[in-house]
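The chain is numbered in sequence order, starting from 1.
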Amino acid sequence: MTRTGSKGPLVIVGASYAGLQLASSARELGFEEDILIVGDEPHPPYQRPPLSKGLLTGKATVDQLWLRSPEFYAHKRIELCLGRRVTALDPAARRLTLDDGSVLEHGWLALTTGARARALTLPGAELDGVLPLRTLDDALRVAEAAASARSVCVIGGGFIGLEVAAALRARGAEVSVIETQPRLLARSMPPLMSAFVENAHRQRGVQVLTGRGVRGLVGANGRVAAVELADGQRIDCELVVLGIGVWPNSELARDAGLAVDNGIVTDPLGRTSAERVLAAGDVAAVACAPGAPRVRHESIQAATDGARAAASLLVDQPRPNTAVPWFWSDQFELKYQMAGVAQADDEAVVRGEPDSGRFSVFYLRDGAIAATHSVNRPGEHLLSRQLIAAGARLAPETLADPDSDLKAALAALAAPADA
C-alpha cells in the first residue's frame, strides 16, 4: 500500500511501452491512487516492433498492435488522456499544463516520453514520398506508399532502416540502403556481425551502399524521384524511408530544470534530479552502476525493466533495475538477438558456422562473458543472458564448441561450492 506522503494521483506523460508498464506494475504492487496516462498520439499504447516488420509486410494488422484492451484499463483503473500534449512541467508545485491550457496536479510524475525520429535537413527533404518511421501513423503512411512503389531508398543502416529494407524487399520492391558510416550498424555491432548483416542483405537482393553521404533528394512534380549522393551518383526511387536515428523527447524535463544528458538522467530506480519525478524507457539515460557511463537502451526490455523499477518506488519497495540489457531484430528469415553491450576490444568467440545462418558470437571482457550476438539461436541467447548475469568465465574453446553444454555450465555456476 502507498504511504501517507505519497497520496495524490500518478500522472504518466507518454502513452508508451514504459508508460503502460509503469502503470500496470504500480497496480500489481498495490498502488491505490488514481493513475492517468497522457499521450500526444490519438492511439492507446501499441506494439512498436511490428511497425518496421509485420505491418509493412502485411503479416500484422493495426488491430493486433494494441498492448491492452479497453477492459484492462477499466479494470486496473488506469485512465488514458490521448491526443493531448503536455506543454510545461512544474515539479515543485506538482502540476503540469496541457496544450489546451488545462492544468493537472499529481503526487508522483513519471516521464515516459520516448524518442522521435531525427529529421532529414537536406534539400528535397520536404518532397512527397520522403517518410520517417517511428510512430504507428508513420508506419501506415510508409505501408500505403510502399504498396505502389517499385523502388525504395532507405537512408540509414541501423536496425530500423534494415528492418524496413528487409520488409519492403520481401514485398518485391527494389531496395537500396544508404549508410554514411563505413559499415552497417556501426554503433551497435562489431565488424564481424556488421559484415554478416550486410552480406545477408546483399544475398537477398538489397543494394547496400556504405560510406556514402547524401547530398540531397531530387524531385519531379513535387514527389521524390532520386537520392543524390555526395559523389554525384543518383539512385532512382519512388519512396524514401528515413532511418537516421532518434532524439530523446527530453525537452519538457530540461525546461523544468531536470538534469538532462542525452536523455533524462536517472538512477537504476528511475529517479530523476527532481523529487517525486521518475523517468523510464527510451528517454531515460541510466547509469547502471556508480561511475558507469549513462546509457539509453532503446528496447522494449529496457523500457519494461526500467518501468518496473520505477513503479517499485511508488510503494516503498525499491527494486533497482539490474537486468542484462537485451534486444532483437527480425530481418528476412533471420532473427538477431543481442545481450549485454559489446565493446571494440572484447575478445570475440564464434560458436557455430556463420554461413549456415545459425550461430552465436560471445564477447569476453577480462575473461568473463560480457555480451553475445545470436542469429537464429534463441536457446543460446536465453542462456547467454543468464551467463552474463552470473559473470560466467568459460574457456574460449568451450564457448566455440557447438557440442559443449552451456546449460550444464550454467548449472555448475549456480551449484553450491561444496556440492
Side-chain angles (χ1 to χ4, degrees), residues 6 10-31 35-39 45-49 67-68 76 78 89 91 106 108-116 134 159 188 246-250 252-254 258-328 337-341 371 385 388-389:
S6 65
L10 164 65
V11 176
I12 300 172
V13 182
S16 58
Y17 265 104
L20 177 55
Q21 183 64 61
L22 204 160
S24 58
S25 292
R27 285 290 185 243
E28 291 169 7
L29 293 172
F31 185 80
I35 299 178
L36 173 67
I37 300 177
V38 182
Y46 55 84
Q47 299 182 58
R48 289 190 180 272
L67 289 173
R68 294 291 189 177
K76 295 293 186 180
I78 299 171
L89 306 176
H106 58 80
W108 284 91
L109 174 66
L111 303 175
T112 59
T113 47
R116 64 188 181 277
R134 178 67 182 176
F159 285 113
S188 307
V246 298
W247 290 108
N249 291 320
S250 55
L252 270 175
R254 179 201 62 202
L258 276 67
V260 170
D261 181 9
N262 186 34
I264 303 172
V265 175
T266 78
D267 67 5
L269 278 163
R271 290 179 293 206
T272 71
S273 59
E275 185 180 1
R276 296 180 180 276
V277 180
L278 309 170
D282 290 1
V283 76
V286 187
C288 295
R294 296 189 186 94
V295 179
R296 285 194 307 107
H297 291 295
E298 298 169 9
S299 70
I300 294 172
Q301 170 268 334
T304 300
D305 291 336
R308 286 173 174 161
S312 72
L313 280 174
L314 303 175
V315 293
D316 287 337
Q317 299 173 16
R319 301 171 188 171
N321 178 16
T322 59
V324 173
W326 59 271
F327 179 73
W328 85 92
Q337 293 175 290
M338 293 134 276
V341 180
R385 283 158 49 185
I388 295 169

Which atoms form the tightest heavy-atom contact between Ser250 and Val260, and what is the distance? OG-CG1, 3.6 Å

Looking only at heavy atoms, the pair that brings Ala26 and Leu314 closest together is CB-CD1, 3.7 Å

Within the distance-only criterion (no hydrogens, no angle test), does the side chain of Arg308 pair as donor or acceptor with the backbone N or O of Ser25 below 3.5 angstrom? no

Interatomic distance, Phe327 atom CZ to Phe159 atom CZ [nearest 0.5 angstrom]: 5.0 Å

Can you sort out the partners of Gln301 under side chain to side chain donor-acceptor pair (under 3.5 Å), two or more places apart, ordered by chain and number? Asp305

Any pair with a residue in residues 13-23 that passes salt bridge (Lys or Arg N to Asp or Glu O under 4.0 Å), sequence neighbours left out, goes on the list, sorted by first then second residue, please. none

Which distance, rounded to the nearest 0.5 Å, do you find between the CG of Leu20 and the NZ of Lys76? 11.0 Å

What pairs with Arg134 under side chain to side chain donor-acceptor pair (under 3.5 Å), at least two apart in sequence or on another chain? Asp282

For Arg27, what residues pass the salt bridge (charged side-chain N to carboxylate O under 4.0 Å, His left out) criterion, not counting sequence neighbours? none

Return the CG to CD1 distance between Leu10 and Ile35, rounded to the nearest 0.5 Å. 5.0 Å

Heavy atoms of Ile264 and Ala279 approach each other most closely as CG2-CB, 4.0 Å

Sequence neighbours excluded, which residues qualify as side chain to side chain contact (heavy atoms under 4.5 Å, CB included) partners of Val265? Ala259, Asp261, Arg294

ring-ring contact (aromatic ring centres under 6.0 Å, His included) partners of Tyr46, counting only residues at least two apart: none

Please list, chain by chain and in numerical order, all residues satisfying side chain to side chain contact (heavy atoms under 4.5 Å, CB included) with Ala310, sequence neighbours excluded. Leu22, Leu278

Of all the heavy-atom pairs spanning Leu313 and Pro318, show the shortest one and how long it is. CD2-CB, 4.1 Å

Identify, with sequence neighbours excluded, every residue that meets salt bridge (charged side-chain N to carboxylate O under 4.0 Å, His left out) alongside Arg385. none

Can any side-chain N or O of Ser299 pair as donor or acceptor with the backbone N or O of Ala302 at less than 3.5 Å? yes

So how far is it from Arg68 CZ to Ser24 OG, rounded to the nearest 0.5 Å? 6.0 Å

Listed by chain and number, what are the side chain to side chain contact (heavy atoms under 4.5 Å, CB included) partners of Ile300, not counting sequence neighbours? Tyr17, Pro49, Thr304, Trp328

Could you tell me which non-hydrogen atom of Ile388 sits nearest to which non-hydrogen atom of Ala371, and how far apart they are? CD1-CA, 3.7 Å

Going by the rule salt bridge (charged side-chain N to carboxylate O under 4.0 Å, His left out), which residues pair with Arg116 if we only count those two or more places apart in sequence or in a different chain? Glu251

Counting only N and O atoms by type, is there a donor-acceptor contact under 3.5 Å from the side chain of Ser16 to the main-chain atoms of Gly114? no

Contact check, side chains of His297 and Val286, non-hydrogen atoms, under 4.5 Å: no

With sequence neighbours left out, write down each residue that passes salt bridge (charged side-chain N to carboxylate O under 4.0 Å, His left out) with Arg271, or none if nothing qualifies. Asp267

Would you sort out whether Arg319 and Leu29 count as a side chain to side chain contact (heavy atoms under 4.5 Å, CB included), showing the intermediate values? CA-CA 11 Å; Arg319 301 171 188 171; Leu29 293 172; 3.6 Å; yes

Nearest 0.5 Å, what's the CD1-CD distance between Ile12 and Gln21? 10.5 Å

Which residues pass the side chain to side chain contact (heavy atoms under 4.5 Å, CB included) test with Val277, not counting sequence neighbours? Pro91, Leu109, Leu111, Leu258, Thr272, Ala274

Nearest non-hydrogen partners of Leu269 and Ser312, listed with the distance: CD2-OG, 3.7 Å

